[in-house]
Amino acid sequence: MPGDDRLEQLRQRTRYAPADVESGVFGRWEDARIFHPEPEGDASENFSIAIPPPNVTGVLHMGHALNGSIQDVVIRLKRMQGRRSKWIFGTDHAGIATQVQVEKQLATEGSSRQEIGREAFVGRVWEWRERFGSTIVEQFKRLGASADYEDERFTMDDEYVRAVMHVFVRLYEKGLIYRDNYMVNWDPGLGSAISDLEVEQRNVEDVLYSIDYPLESGSGSITIATVRPETMLADTAIAVNPDDERYTRLIGETAILPLVGRRLTIIPDDYVDPDFGTGALKITPGHDPNDFEIGRKHGLEVVSAIGEDGRMTADAGEQFAGMEVEAARQAVVAALDEQGLISARRPYQHDVPYSHRSGRRIEPLISLQWFCDMDKLAEPAIAAAKDGRLRFHPEKPWTKVYLDWLENIRPWCVSRQLWWGHQLPVWYCDDEAHTYVGEKAPDKCPECGGPVTRAPDVLDTWFSSALWPFATLGWPKETPQLAAFYPTDVLVTARDIIFLWVARMVMMGVEFTGELPFTDVPITSVIQAPDGRRMSKSLGTGIDPLDEIDEHGADAVRFGLLAMSSTQDVRYSEKRVKQGSDLANKLWNASRFVILNVDEVAAEPRPETVEDRWILSRLERATDDITALLESFQFSRAALALYDVLWGEVCDWYIELVKPRLYDKEADRSALSANLLHVLERVLTLLHPLMPFVTEEIWSFLPGERGLLAASGWPESNSAAIDPDAERVVGDLIEAVTAVRRWRDEVRVPAAKRVRARIAADGYEKTAAHLAQLARLELLEGEVNGDVETSVAIPGGAVQIYGAEDIDAGEAEKRRQEKREQLKGEIKRAKGKLANEQFVSKAPPEVVQAERDKLARFQAELEELGE
RNA sequence: GGGCGGUUAGCUCAGUUGGUCAGAGCGCCUGCCUUACAAGCAGGAGGUCGCCCGUUCGAGCCGGGCACCGCCCACCA
């Protein structure tokens, strides 16, 4: 139990100061090691969440803060519900992002990765990781995240790397991973291929050139339209629609490619839209994805005019070789102009692929890369969502979004020309005549016995991320961790990585463990800047959650984020965070009031009065509601429901109702004390998953030995305490108090003035004293001299006011008249509705009855108000 | 080109299967330093639920259309 000095300290702390308590509270949790479960039991009885691993170079942003808050709510709830709960924590090596960071650092030293070489560079990245890798971990702690920090993982850990190698080799052996010359999205900024998902379309304005290609026959020319004249150097055909009468006679003829002189056959293909441009399409299989397909279909030659260095190749011709693409375009246009071959140019807006990584325009080109065939892997991932084993929250529209993508999935280019990442477990003979794929390096080529060299490429970061839920638990070894916590239960993420990550985890999880890696996927809001733009550093629209924590406290930030989030994107609202800090302060003060005023007793409630029964009933309902809302991932509604219960019901009404009893030092206050403590204890418990710091701090001031709130039990709802009678009686009381207060305010009764009155209404037998106290009435008993001055309508009748000298009589009568009119209107409306035979016969009986009850009530109130 | 979402109080947003006079926070107005909290208490004003048709006894909620705004997917030069 708290000592006198602690209580004195509490008495003096009239405001909740998050900065003074948060680190201490977090330290208590860490010391108690309650975030670290031992791996016992199996996954069906235990509960686990794998965090979307933040980039090891990252810093906490609003997305993390919301996502982390949600996961923490879920894991704390389950932990309190008695499940052995593990929040799997760690960081992602984030190949490209990290490599870019370290390259920047090298650039400031006047060096480069090429200069220091691969081995030294990778060493530098590891150094970087040692120095800065813990930043984001500490930031998650600031948020209060109850992850298992004792068991932190990193996607480049030795064990994790082994899992990645194992998966690659197994997929290769199954024939799902293969090497191919194929059209890829080449990112000239990174000097690497990237996947389709890392490409974004941007709308830009280009010039659409019309270029005349002379016919070999000498009888005129055929005109094509293009926005990329420089790629003409790699043209190998011209296509027209077979039904396009303008060109049917030319099909099979040959045109001569200007500047190059190559002979281009004019071929028919349905792909060509006769209505676009000139209706004739230059075919460049080496640099356009469509043309690549057409080229394959027609067996066309493939010419690569642009190289992986982003410059024109020798095949582009002596005149252009070595030029940057932009320069080559100018040069080609100039050369064509010289020959008078450009017959038109007009501005043209269209979508063009850009690299999401480097921001550079994608150069589609043909490259020898490693691909993963996804069709077979997708099948069970599709089935799982279709039969409901995998559930998105909300189900619409994400289930369909997920399925649409999987049902149209294409091969995944998994190799990257980077240095930081999981190097492919692939070895080539020196001339690449033989390829060996295996988890261990061969001494020599198994086929020819020659020396081997490891493939320089690394894997797409998302390849390793796809294994996160099980590779973090020791897979492919059958570890106790894996048995206890895999499959995980819930995966919390924003929609932007449903394809990049979620779907791939599902596919890899099923393929390699035979089980779905998780079953429930709540999709979170994206938090936008207050002006509706994207939050981003480059736009200057970012808001740092740590600044917000410093200013308002972690609980406030968590509450604010949870309250503002929904299934929609939302603008960041500092007001919601403020609401959270107000709530923390309110809870703090209500708790001070209770703790400093109760007699020290156990917290087993003993209802004595109707308000006791009322609050206990309301709390049970709240317990049910909050539990259901949290379990169905409706965090915003849960947050606001908690706010209403604590602020509205507990503070505004229950505490106010019991004050007279509490201040009566003569009375036996043990039952009331028990009830107050019970109410406080319940509120703290329900609020703890959302606002862990302030609730834990207050918990430590409660009498008795309780241990940590974070390790306490979650309440089972007790339906025996539900008391509709008490809820009705106190509900009416609340309405009546409010009605009288409104009247007082409107007729300008001085705030402190007690008004003589009597209650002419049923249902206030137990609450008359409360009504008198809260509405500042002096209740008259027996026969009363003098006339009723006025009356105020309350549920079940009215309060009659006697000789209140201070009231504004005109205002009072005006007020009564307005109320009469309003009641008459309602009565007319209700009567009309009930007179409608269709309504009475077709609406459900309870709806009709409710309408009748309402009518009776309005009529009673009108009668009490008189004429 | 497909698909999806939004449009509710001055602002930011809730409104679960259609059924009490449509809600919250903030802001605004009025009155209160009432011994937990002035980061508070009490009260109030403010909305043709984007527009049009329809289904229904009854529509913010369901169906059709329209208008703006936004997002995702997509290989029309």
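Please read these numbers as outputs of a predicted model, since none were measured by experiment.
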- Candidates G40(B), A36(B), A77(B) - which lies nearest the side chain of Trp647(A): G40(B)

- When we call it a touch if two heavy atoms are under 4.0 Å apart, what does Thr284(A) touch: a base, just sugar-phosphate, or nothing? nothing

- For the pair made of CZ in Arg592(A) and C1' in A39(B), what is the distance, rounded to whole Å? 13 Å

- Query: When all nucleic acid strands are considered with a 4.0 Å heavy-atom cut-off, which category describes Asp351(A): base, sugar-phosphate, or nothing?
  - Reply: base

- Message: For Tyr16(A) and Trp588(A), take the angle between the two ring planes, folded into 0 to 90°, and tell me which bin it lands in: parallel under 30, tilted 30 to 60, perpendicular over 60.
- Response: tilted

- Item | Selected nucleotide, minimal atom distance to Val847(A) side chain, candidates G19(B), C76(B), G15(B) | G19(B)

- Query: Where the side chain of Arg741(A) is defined as all heavy atoms beyond and including C-beta, which of A36(B), G43(B), C75(B) is the nearest nucleotide?
  - Reply: G43(B)

- Under 4.0 angstrom, heavy atoms only, what part of the nucleic acid is Ala850(A) near: base, sugar-phosphate, or nothing? nothing

- Item | Integer-rounded Å distance: C75(B) P and Asn408(A) CG | 10 Å

- U55(B) to C61(B) separation - P atoms, rounded to the nearest Å: 15 Å

- Message: Would you say Arg571(A) places a side-chain N or O within less than 4.0 Å of OP1 or OP2 belonging to U12(B)?
- Response: yes

- Note on the structure: From CG of Asp745(A) across to C1' of G43(B) the rounded distance in Å is 4 Å

- Query: A59(B) pairs with which nucleotide, Watson-Crick or G-U wobble, both distances below 3.5 Å?
  - Reply: none

- When the distance from CG of Leu657(A) to P of U34(B) is rounded to whole Å, what number comes out? 20 Å

- Please state the P separation for the pair G23(B) and A9(B) - nearest whole angstrom. 14 Å

- Searching all strands shown, indicate the nucleotide that pairs with A45(B) (Watson-Crick or G-U wobble; both distances under 3.5 Å). none

- Message: Checking contacts here: which listed nucleotide (G25(B), C75(B), C57(B)) is nearest the side-chain heavy atoms of Asn290(A)?
- Response: C75(B)

- Query: Looking at Lys586(A), does any N or O in its side chain come under 4.0 Å of the phosphate oxygens OP1/OP2 on C41(B)?
  - Reply: yes

- Please measure how far the C1' atom in G50(B) lies from the corresponding atom in G58(B), and state the result in whole Å. 23 Å

- What is the base-pairing partner of G40(B), counting Watson-Crick and G-U wobble geometry with both distances under 3.5 Å? C32(B)

- Message: Please determine whether a side-chain nitrogen of the Lys or Arg among Arg296(A) and Glu293(A) lies less than 4.0 Å from a carboxylate oxygen of the Asp or Glu.
- Response: no

- d(CZ, Arg15(A); C1', A38(B)) in whole Å: 8 Å

- Could you tell me whether Arg857(A) and Glu735(A) make a salt bridge, using a distance below 4.0 angstrom between a side-chain N and a carboxylate O? yes

- Message: Suppose we call two aromatic rings close when their centres sit under 6.0 Å apart. Are Phe276(A) and Tyr348(A) close by that rule?
- Response: yes

- Item | Exceeds 12 heavy-atom contacts within 6.0 angstrom, atom CZ of Arg202(A) | yes

- For C71(B), the Watson-Crick or wobble counterpart (both distances under 3.5 Å): G3(B)

- Of the nucleotides A77(B), C13(B), G43(B), which has the atom closest to the Tyr348(A) side chain? A77(B)

- Query: Given C13(B), A36(B), A74(B), which nucleotide is nearest the side-chain atoms of Arg410(A)?
  - Reply: A74(B)

- Please state the P separation for the pair G64(B) and C28(B) - nearest whole angstrom. 44 Å

- Query: Which nucleotide in the list A39(B), C71(B), G25(B) gets nearest to the side chain of Asp582(A)?
  - Reply: A39(B)

- Task: Report yes or no: does His287(A) contribute a side-chain atom to a donor-acceptor pair with the main-chain N or O of Pro364(A) at less than 3.5 Å?
- Result: yes

- Message: Using whole Å, what does the distance between atom P of nucleotide A36(B) and atom CG of Leu680(A) come to?
- Response: 15 Å

- When rounded to the nearest Å, what value does the distance between C1' atoms of C73(B) and U17(B) take? 31 Å

- Message: If you only use heavy atoms from C-beta on, which nucleotide in C26(B), G44(B), G6(B) is closest to the side chain of Gln568(A)?
- Response: G6(B)

- Give me the ring orientation class for Tyr643(A) and Phe559(A): parallel if the planes are under 30° apart, tilted from 30 to 60°, perpendicular past 60°. tilted

- Could you give the distance separating C29(B) and G46(B) at their P atoms, to the nearest angstrom? 16 Å

- Query: Under 4.0 Å between a side-chain N or O of Thr14(A) and OP1 or OP2 of C37(B)?
  - Reply: no

- Query: Taking only side-chain nitrogens and oxygens of Lys659(A), does any of them come within less than 4.0 Å of OP1 or OP2 of A36(B)?
  - Reply: yes

- Message: At less than 4.0 Å, is any side-chain N or O atom of Ser841(A) found next to OP1 or OP2 of C57(B)? Yes or no.
- Response: no

- Per atom distances to the Glu656(A) side chain, the nearest of C57(B), G25(B), A36(B) is A36(B)

- Nearest-angstrom distance from the residue atom NZ of Lys578(A) to P of C37(B): 17 Å

- Task: Can you figure out which of C57(B), A77(B), G44(B) approaches the side chain of Tyr271(A) most closely?
- Result: A77(B)

- Message: At 4.0 Å (heavy atoms only), tell me whether Leu640(A) reaches a base, stays on the sugar-phosphate, or touches nothing.
- Response: nothing

- Message: Does Asp273(A) reach a base, just sugar-phosphate, or nothing at all? Heavy atoms under 4.0 Å.
- Response: base

- Evaluate the ring pair (Phe, Tyr, Trp, His ring centres under 6.0 Å) criterion for residues Phe499(A) and Tyr402(A): first the C-alpha distance (whole Å), next the side-chain angles of each, then the deciding distance (0.1 Å), finally the verdict. CA-CA 7 Å; Phe499(A) 308 147; Tyr402(A) 165 92; 8.3 Å; no

- Item | Phosphate OP1/OP2 of G3(B): any Tyr402(A) side-chain N/O under 4.0 Å | no

- Query: Distance between the C1' atoms of G47(B) and C21(B), in whole angstroms?
  - Reply: 14 Å

- Item | Arg533(A) with Asp569(A): basic N within carboxylate O range, under 4.0 Å | no

- Expressed in angstrom and rounded to an integer, what is the separation of Ile409(A) atom CD1 from A74(B) atom C1'? 15 Å

- Task: Taking atom C1' in both U48(B) and A42(B), compute the distance separating them and give it to the nearest angstrom.
- Result: 32 Å

- Message: If you compare every side-chain N and O of His350(A) against the phosphate oxygens of C76(B) (OP1, OP2), does one of them come in below 4.0 Å?
- Response: no

